[in-house]
Structure formats: structure tokens, C-alpha cells
Novice: 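Structure provided below as C-alpha cells; questions to follow.
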Amino acid sequence: MPEVDNSEPLVVPILNLYNSTKVEKDCTFSTIISSILNYFISMISKKVQSSRLTFRLWVGTVKRNLAYDGLRGWLLIIIACNHLYGHFVPQLTRAPLGFVTAAEGFVFLSGFVAYLVYGRLSSNKTQLQRKVWRRCLTIYGFHITAITISFIFVWIFPFYIQQWTGFFNAENWFNNPFQSYISAILLLEHPGYHDILILYLVPMIFLPFAILAINRGQLWLVATSSVLIWLLSQHVTIQPLAGPFNVIFSDITINVSYFDPLAWQIYFYMGFILSYLKHHKGYSFDFPIAVRICLLTCITALFITKHWFPALMEPYLLGSGNASVVYQLSLLLAVYLFMLLNRRIPRLFTLKYPVFLGQHALPVFAFHTVVIYFLQPWSQAYTTQTWYWDLLICIFFIGLLAIPAKLDQMWRSSNRRNQLGVQSKAA
């Protein structure tokens, strides 16, 4: 069956018939139910009067692939552990495969899934733009909300000012919080950990144009544009804006992330293009045995170099913030490895907890950026001393991620119940 998007639920229970005469009001709906589906549901309701029936609606002709949810959930778990900066667990989770981290994988997977979600809307330009840009507003909303909540708590509980002004790169907020907040709204203030969503947001803004181009057979235009923007990012900096910025915001300095969104968009569009080739063109990426051996050898070589001879690659890295070619090649090799693992050990990517987190990735990630402001400085004395404290605190943090996932699940269910109620009244 076709595989699907993972950013919005596409498969949800829509009907439970109880007690032979009544449709349960608690059933949930996916986002928009057309008049045809309303008719379909009403016909089933009339015919099934004496049995308890539960069935699932497949929106469109596609089926949600839980492996993508699971992989995204694992990436969130790894990112959370890495951000605690312990001395033991991150030895296994930070760049374990070579010159690539979970952050690059997260942005790549976002692009991969974006084609699955929005590529099917390519025939309707207006609907495509509306849905993609609405998603952009949602991402932006979570980004600003996470910053707002983080610094409300920082203001109420000023326990770790030294760490926040130093390691967390949040000194502006203690010089002038109002100017810092306005600057954050303008995406010119990126305090620590509040930068990854921007790397997702920026390429999403241009997604409708990429989908329309690829639908016209202009894959070359999308790929070339992404590479040219990446090349441009290697030479363009934010410094020209520093002068006007200091005139408007006199008490703070411009504070943008080490990670350049114009460079990192290449990861997003790598995922987008590979998703198009896999799901639209039918490429299976089943290479001859000689090619597979060569690719796996490259993965092994990068792994050995990263962990035992990192100095050999230093002249070619140019920093992960600029998405250097070494990081790009490492990412593609890691993607190939995970593709093989998914084919050989699919259960690894469909475990319930990672899938659950991956299905609610946006609130989970935003939540983690708030909690980390207190958990990381508090836990440093423990996570840097003994391996078992590092492991236990990582497990605790991973468990906390279920809170925003569950709240988001409840909120979505409530929305669907409300939609069902409105449609029932209209009928």
C-alpha cells in the first residue's frame, strides 16, 4: 500500500456503533470530512443497527507509515539526551555513525515527510499554499510559545542565571527582555535550544513552489536552487543587519544560531527529493551488491575516522552549522543504513513509545526546549560524574516527553469530536 505523511494524523477511528441504535459521540475524525464521506457514514449507520462496529477511515488512498513516526520519535529521544550534555550517554548518541547528528536527520525527515503530506495537493495550488503556510504558522507559533514559556519561568525562577547567560546564550534576555522578545518574534534572537524549529520553518515556507516545480517535471530546478542557496549561505552572514539592528534594539546584540537556516535547507530538500523519487517515481534504491558493499564500507570508514582519527577530516568539515559536504554525505549514508535496517528489522522503528512521540513531534520538541532550561543546569553535577546518573536522568527526561504528546493527542481528539458534533447537527 502507498505510504504516507507523518506530520498530521491521516488514519483515525471515525465510527463506533453502540447498543443497536446509537452512534457513539466520542468517535474521532481526521481533519476535514467531505460530503461524500458524510453520506457514506450515514448509510453505514442506518444499515448496522444491532452490532458494535469499529472501523477506520483511510483518507485519500494512502496509509500512514508508522516507521517514519518511529524514526522521528527516536530522533527526538536522541536529541533530548544530547541536550543534557552528560559525559556518558552522549558518547553513544552524539554523532554515533560519523559526521552527522540527530538534528540533521530530523530536518531531513521533515522534508521527506513533507512531500508525502503535501505532494498530493499539487493539482490545487491554492489549497497547497494554504495548508503549507498554515503549517508554517503552526511551527512559528510553537517556536514563539516555547520561548515565551521558557523565559517566563526564567523570570519567575532565576536559579541558573550564570548558565543561562553563558552556555545557553541568553544574555540578551537579562539586558532587556522586551527588546529580546521583539527580536525573537522577528527571528533575530535565538537563545539556546530555540533554533532547530527555525531550521524546519524556513524551508517549509518555500515548499509550495518546490512541489509545483516538481509537478511540472522540474526536479532539476528544485535541486539546483537548493544547492545554489547553500553555496550562497557559505559567503553571506547576518552581520550587514547588525548596524540597523543596534539602532532599533540598543540594549541587546543580534543573536542568531550557529546553525544557518539557508545552509540547512539542503537537508530538508534532500529528504523532499528522495521522497519524491521513492513514492512518486518508484525508486527502491536497491543497489547491486558491489555498490552496497562500497556504501557500507564508506559508512564504516566515516565511523572509524570520526571516533578515532577526527583530525583527518577537520580541513573538510567547515562546521556542522554550514552543512558542509562531509556532513551531507554522512547524512545520505546514514539514511541508506537506516533504510536497510528498516527492511531487516522493521520492529525497531515501530515500537509504540517512539511512534507515539513521533506522531506528536512538534509539541514534544517545543516542550523539551522549555524543560531543558532547568533540567540541564540542575543535572550537570550528576550527569558528568557517574554513568548511571546520566542514564537515569536521560530516562527520566525521555519519560517526561510523554506529557506534551498525550496533551496533543487529547487536544486533537477534542477537535475531532467537535467537528463530528457540528457535522451531526448539520445533517
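For this chain, numbers begin at 1 and follow the sequence in order. All values below were derived from every heavy atom in this structure, side-chain atoms included, with hydrogens, water molecules and symmetry-related copies excluded.
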Novice: Do side-chain atoms of S413 reach the backbone of Q409 as a donor and acceptor pair under 3.5 angstrom?
Specialist: yes
Novice: Rounded to the nearest 0.5 Å, how far does NE2 of H368 lie from CG of L76?
Specialist: 8.5 Å
Novice: Just grab all the salt bridge (Lys or Arg N to Asp or Glu O under 4.0 Å) pairs involving residues 333-362, residues at least two apart or on different chains.
Specialist: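 Found D286-R343.
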Novice: Decide yes or no for V202 and W264: does some side-chain heavy atom of the first lie under 4.5 Å from some side-chain heavy atom of the second?
Specialist: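 With C-beta onward as the side chain, the pair stays apart.
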Novice: Are Y267 and L199 side-chain neighbours, meaning at least one heavy-atom pair lies under 4.5 Å?
Specialist: no
Novice: When rounded to the nearest 0.5 angstrom, what distance separates CG in N82 from CG in L92?
Specialist: 10.0 Å
Novice: Test your reading of the model: is there a side-chain donor-acceptor pair from Y193 to the backbone of I372, 3.5 Å cut-off?
Specialist: no
Novice: If I take atom CG from residue N415 and atom CH2 from residue W411, how far apart are they, to the nearest 0.5 angstrom?
Specialist: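 Atom-to-atom, N415:CG and W411:CH2 are 4.5 Å apart.
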Novice: Please check if the number of heavy atoms outside F285 that lie under 6.0 Å from its CZ is greater than 12.
Specialist: yes
Novice: Enter the distance from I393:CD1 to I398:CD1 here, rounded to the nearest 0.5 Å.
Specialist: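 It is 12.0 Å, given to the nearest 0.5 Å.
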Novice: Give me the one residue out of I299, L332, L295 that meets side chain to side chain contact (heavy atoms under 4.5 Å, CB included) with L337.
Specialist: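 Exactly one pass, corresponding to I299.
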Novice: Do side-chain atoms of T369 reach the backbone of A366 as a donor and acceptor pair under 3.5 angstrom?
Specialist: yes
Novice: With side chains defined as the heavy atoms from C-beta onward, is the minimum distance between R135 and L362 less than 4.5 Å?
Specialist: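 Yes, at least one pair of side-chain atoms sits under 4.5 Å.
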Novice: For F153, does the CZ atom sit with more than 12 other heavy atoms under 6.0 Å from it, leaving out its own atoms?
Specialist: no
Novice: Please confirm whether the backbone N or O of V326 pairs with a side-chain atom of S330, one donor and one acceptor, at under 3.5 Å?
Specialist: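 Yes, S330 side chain to V326 backbone: donor-acceptor pair under 3.5 Å.
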Novice: Considering only heavy atoms from C-beta outward, does the side chain of H194 approach that of Y373 to under 4.5 Å?
Specialist: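 They are in side-chain contact.
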Novice: Please find the pair of heavy atoms, one from L188 and one from V256, that lie closest to each other, and give the distance.
Specialist: O-CG1, 4.0 Å
Novice: With a cut-off of 6.0 Å (strictly less than), are more than 12 heavy atoms of other residues, nucleotides or ligands near CZ of F178?
Specialist: no
Novice: Within the distance-only criterion (no hydrogens, no angle test), does the side chain of Q234 pair as donor or acceptor with the backbone N or O of L231 below 3.5 angstrom?
Specialist: no
Novice: Given the rule in the side chain to side chain contact (heavy atoms under 4.5 Å, CB included) test, do F206 and Q265 qualify, once you have shown the distances and angles that lead to the verdict?
Specialist: CA-CA 10 Å; F206 303 98; Q265 56 76 32; over 6 Å; no
Novice: Quick check: F106 with W74 (ring centres under 6.0 Å apart)?
Specialist: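 W74 vs F106: aromatic centres not under 6.0 Å.
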Novice: Whether the side chain of Y336 engages the backbone of L296 through a donor-acceptor N/O pair (distance < 3.5 Å, no angle test) should be reported.
Specialist: no
Novice: Which residues satisfy the side chain to side chain donor-acceptor pair (under 3.5 Å) test with E189, sequence neighbours excluded?
Specialist: N172, W173, N255
Novice: Between S150 and A146, what is the shortest heavy-atom contact and its length?
Specialist: OG-O, 2.8 Å
Novice: Is the closest side-chain heavy-atom distance between V236 and L262 below 4.5 Å?
Specialist: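 V236 does not reach L262 side chain to side chain.
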Novice: Looking at every non-hydrogen atom in both residues, tell me the closest pair between V89 and D390 and how far apart they are.
Specialist: N-OD2, 2.8 Å
Novice: Would you check if F112 and M270 make a side-chain contact, meaning some heavy-atom pair closer than 4.5 Å?
Specialist: no
Novice: Looking at F168 and P377, what are the two nearest heavy atoms and their distance?
Specialist: CZ-CD, 3.9 Å
Novice: Return yes if some donor-acceptor pair links the side-chain N/O of S379 with the main-chain N/O of L375 below 3.5 Å, else return no.
Specialist: yes
Novice: Does the pair S110 and F268 meet the rule for a side chain to side chain contact (heavy atoms under 4.5 Å, CB included), with working shown?
Specialist: CA-CA 6 Å; S110 298; F268 182 95; 4.2 Å; yes
Novice: Does atom CH2 of W155 have more than 12 heavy-atom neighbours from other groups under 6.0 Å away?
Specialist: no
Novice: Quick check: closest heavy atoms across H190 and S257, and the distance to 0.1 Å?
Specialist: ND1-N, 2.8 Å
Novice: Looking at Y85, does the NZ or CZ of R94 lie under 6.0 angstrom from its six-membered ring centre and within 45 degrees of the ring axis?
Specialist: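 Satisfied, under 6.0 Å and within 45°.
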Novice: Backbone N or O of W230 within a donor-acceptor pair of the S233 side chain at under 3.5 Å?
Specialist: yes
Novice: Any donor and acceptor pair, going by atom type alone, linking the side chain of S122 with main-chain N or O of G119 inside 3.5 Å?
Specialist: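 The answer is yes, because a donor-acceptor pair under 3.5 Å joins these two groups.
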Novice: Using 0.5 Å steps for rounding, measure from the CZ atom of R72 to the CD1 atom of I79.
Specialist: 11.5 Å
Novice: Dump the intermediate steps for side chain to side chain contact (heavy atoms under 4.5 Å, CB included) on F349 and F338, then the final yes or no.
Specialist: CA-CA 10 Å; F349 299 95; F338 279 108; 3.6 Å; yes
Novice: Which label fits Y115 and F272: parallel for a plane angle under 30°, tilted from 30 to 60°, or perpendicular past 60°?
Specialist: perpendicular
Novice: Rounded to the nearest 0.5 Å, what separates atom CG in L121 from atom CD in Q129?
Specialist: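 L121 atom CG to Q129 atom CD measures 11.5 Å (nearest 0.5 Å).
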Novice: Do the non-hydrogen side-chain atoms of N176 and F249 ever get within less than 4.5 Å of each other?
Specialist: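 Of all side-chain heavy-atom pairs linking F249 with N176, none is under 4.5 Å.
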Novice: Provide the full list of side-chain hydrogen bond (donor to acceptor under 3.5 Å, both in side chains) pairs with a residue in residues 138-148, sequence neighbours left out, each pair given once.
Specialist: T148-Y181
Novice: What class does the angle between the rings of F99 and Y327 fall in, given that below 30° is parallel, 30 to 60° is tilted and above 60° is perpendicular?
Specialist: perpendicular
Novice: Are the side chain of N246 and the backbone N or O of A242 linked by a donor-acceptor pair below 3.5 Å?
Specialist: yes
Novice: Using the rule given for side chain to side chain contact (heavy atoms under 4.5 Å, CB included), can you reason through Y258 versus D195, listing the C-alpha separation, both sets of side-chain angles and the distance that settles it, and then say yes or no?
Specialist: CA-CA 9 Å; Y258 164 74; D195 51 2; over 6 Å; no
Novice: So which heavy atom on S284 is nearest to which on M339, and how close?
Specialist: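 Nearest pair, atom of S284 first, then M339: O-SD, 4.2 Å.
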Novice: Would you say L97 and L302 make side-chain contact, with heavy atoms under 4.5 Å?
Specialist: no
